[in-house]
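Note sheet for the following structure.
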Number of protein chains: 2
Amino acid sequence: MHSFTEENYLKTIYALAIRQEGEVTTNALAEMTATKAASVTDMLRKLADKQLIHYRKYQGVRLTEEGERLALKIIRRHRLWEVFLVEKLGFGWDEVHDMAEELEHIRSDELVERLDQYLGHPQFDPHGDPIPTPAGTMPSTGYQKLSEVAAGEEVCIMGVMEHSPEFLQHLARIGLTLGCSLTLREINAFDKSLLVQIQPESALFVSHDVAKNLLVA
Amino acid sequence: MHSFTEENYLKTIYALAIRQEGEVTTNALAEMTATKAASVTDMLRKLADKQLIHYRKYQGVRLTEEGERLALKIIRRHRLWEVFLVEKLGFGWDEVHDMAEELEHIRSDELVERLDQYLGHPQFDPHGDPIPTPAGTMPSTGYQKLSEVAAGEEVCIMGVMEHSPEFLQHLARIGLTLGCSLTLREINAFDKSLLVQIQPESALFVSHDVAKNLLVA
DNA sequence: ATAAAAATTTAGACTTGCCTAAATTTTTTG
DNA sequence: CAAAAAATTTAGGCAAGTCTAAATTTTTAT
């Protein structure tokens, strides 16, 4: 069996690997896990011994097939519990991350599969993230960041890349929700903020930082 | 905050305290937690420092008010999750103990109260155990053990005192379920086994060990 | 191309929760 | 009621996961 902590490192390595191309660095992991670089190095040696990561000293790290399968298993649990918390218990999408962070470590596979069935085999979590398959593969979505869309295009908000309550509450305050369709009117040359139109009558400026974290199709 | 392990000790002390009158012994705790007596002593010192137990060296241990409140909080979580697993996910009452043992440590109070509401404020878990109140008190049931009932009485099975899959599966095999009413025909003088009648036509012998673990009203 | 800066690893130490072995206290028994 | 047995605690140690400080490697910049 794998410890709580090992599972969290695998999940974090996976998350960093898709955000930044190439190998994941020790410092990036230290920042994400709120620990020090020296602690990360210890854990990397341990995960490498267990063949869950490929690790070359000073060079960074990447998941093995087995490591990725495990990471996706944890992410599947996390996202299914988030669906449960929002759909069944009525929590807001900005409230569920920390609880799911604990629930994802409950060990029973049978529990996860029954939960999946109870929830009607959802494809996406409340933030629009795809739910990995039981076999341990991540469905691809083809979404792009709003910050990469060209002016004039009409798109639909499908997900977010940042799950902090602060970001999600900011979206609510400016009136953006999952499924919301919008047209990108112009991109400000000065600060890269975007003028987006939601209703025929109402348009608003969205900062580049926000646009980077919105997934659209 | 309290650790996983501390919570388990408090819960175990509570469980032993109601089974045996008086103070709970180090050895009993060591057996229940599957550790050694020396390890228990370490933890008792720690819990006493935190004012969660009254502890006198060599004399045994008992919960403080605060310790009991915390123990009942954990037991409330455990039993609510068991209701969820059986009522919503369709698990058998003999399958849920280990999963609930993990789920009971999820920290959010808000989660527990929402779960309670979602389940319709159940009064009893799938084994007939009463669910402690949010305020941290244990509802009393007035049930007695089947082994303490006099011959001739008619009673109804309200709960069990033993939660192992082995015991619960044995009950199913001999045809006893929660809510099942039965008449105690006679008590065998040799081995204290009980002849109980369920249907007008069918009677069966129940061992003293089984009767000790059945709660009736 | 090499010196300074940044990133990473190593060394040694701390905490939690557990262990074994030995010492101590309590209980049982002849 | 004293000696043996049982229960409990103390002492010293170990593994996991973390830390700080120092050493090493890689990267950056002059």
Side-chain angles (χ1 to χ4, degrees), chain A residues 1-13 16-17 19-63 67 70-71 74 101-102 104-105 107, chain B residues 1-17 19-63 67 70-71 74 101-102 104-105 107:
Chain A
M1 242 328 120
H2 305 99
S3 76
F4 226 81
T5 312
E6 286 169 335
E7 289 185 351
N8 281 332
Y9 270 89
L10 292 176
K11 195 184 51 158
T12 305
I13 293 167
L16 287 174
R19 270 179 176 72
Q20 334 147 8
E21 282 309 312
E23 313 232 305
V24 175
T25 67
T26 300
N27 264 6
L29 280 167
E31 187 180 349
M32 285 285 278
T33 56
T35 62
K36 297 305 166 80
S39 311
V40 172
T41 302
D42 285 347
M43 180 56 78
L44 293 184
R45 207 166 32 68
K46 186 173 165 190
L47 292 173
D49 287 349
K50 294 195 177 185
Q51 320 254 317
L52 296 172
I53 57 174
H54 295 291
Y55 173 50
R56 300 189 335 278
K57 286 207 302 192
Y58 296 100
Q59 302 306 309
V61 85
R62 126 187 103 74
L63 294 173
L70 260 168
I74 310 303
E101 205 74 8
E102 297 185 53
E104 73 191 5
H105 299 291
R107 279 158 172 39
Chain B
M1 245 325 122
H2 306 99
S3 77
F4 229 80
T5 311
E6 287 169 335
E7 290 186 351
N8 281 331
Y9 271 89
L10 292 176
K11 193 183 53 160
T12 305
I13 293 168
Y14 182 91
L16 287 173
R19 271 179 176 71
Q20 334 146 8
E21 283 308 311
E23 312 234 307
V24 174
T25 67
T26 301
N27 264 7
L29 279 167
E31 188 180 348
M32 285 284 280
T33 57
T35 62
K36 298 307 168 80
S39 310
V40 173
T41 301
D42 284 348
M43 182 56 79
L44 293 185
R45 206 166 35 67
K46 186 173 166 190
L47 292 174
D49 286 349
K50 294 195 178 185
Q51 319 254 319
L52 297 172
I53 58 174
H54 295 291
Y55 173 50
R56 299 189 337 277
K57 287 207 302 190
Y58 296 101
Q59 301 306 310
V61 87
R62 125 186 103 75
L63 294 174
L70 259 168
I74 311 304
E101 206 73 7
E102 297 185 54
E104 72 191 5
H105 299 292
R107 278 156 172 41

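All chains are named by letter (A, B, ...) in the order of the sequence lines, taking the proteins before the strands, and each is independently numbered beginning at 1.
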Any side-chain N or O of B:Thr5 less than 4.0 Å from the OP1 or OP2 oxygen of C:dT16?
no

When rounded to the nearest 0.5 angstrom, what is the spacing between CG in A:Leu52 and OH in A:Tyr9?
14.0 Å

B:Thr33 vs B:Asn8, side chain to side chain contact (heavy atoms under 4.5 Å, CB included): CA-CA, chis, key distance, verdict:
CA-CA 8 Å; B:Thr33 57; B:Asn8 281 331; over 6 Å; no

Could you grab the distance from atom OG1 of B:Thr12 to atom CD of B:Glu31, nearest 0.5 Å is fine?
12.0 Å

In chain order, what residues pass the side-chain contact (heavy atoms from CB on, under 4.5 Å) check against B:Glu21, with sequence neighbours excluded?
none

Any donor-acceptor pair under 3.5 Å from A:Glu102 side chain to B:Arg107 backbone
yes

Stretch residues 47-59 of chain A: residues that reach within less than 4.0 Å of DNA chain D through a heavy atom:
A:Tyr58, A:Gln59

Could you check how far CG of A:Asn8 sits from C1' of D:dA16, rounded to whole Å?
15 Å

From CZ of B:Phe4 over to P of D:dA16, roughly how many Å is that when rounded to an integer?
18 Å

Euclidean distance, atom CG of residue B:Leu29 to atom P of D:dA7 [Å, nearest integer]
14 Å

In residues 36-44 of chain B, which ones come under 4.0 Å of DNA chain D, going by heavy atoms?
B:Ala37, B:Ala38, B:Thr41

Atom CG in B:Leu47, atom CG in B:Leu63: separation rounded to 0.5 Å?
9.0 Å

Say you draw a straight line from OH of B:Tyr14 to CG of B:Leu70; how long is it, rounded to the nearest 0.5 Å?
13.0 Å

Which residues pass the side chain to side chain donor-acceptor pair (under 3.5 Å) test with A:Lys50, not counting sequence neighbours?
A:Glu6

Mind listing the N/O atom pairs, protein and nucleotides 3-6 of chain C, below 3.5 Å?
none

B:His105 side, atom NE2; A:His105 side, atom NE2 - distance, nearest 0.5 Å
14.5 Å

Can you name the residues that form a salt bridge (charged side-chain N to carboxylate O under 4.0 Å, His left out) with A:Glu23, not counting sequence neighbours?
A:Arg56, A:Arg62

Could you give the distance from OG1 (B:Thr41) to NZ (B:Lys57), rounded to the nearest 0.5 Å?
10.0 Å

Using atom CD of A:Glu23 as one end and atom P of D:dT26 as the other, report the distance to the nearest whole Å.
14 Å

Can you find a side chain N or O atom of B:Thr26 that sits less than 4.0 Å from OP1 or OP2 on D:dT9?
yes

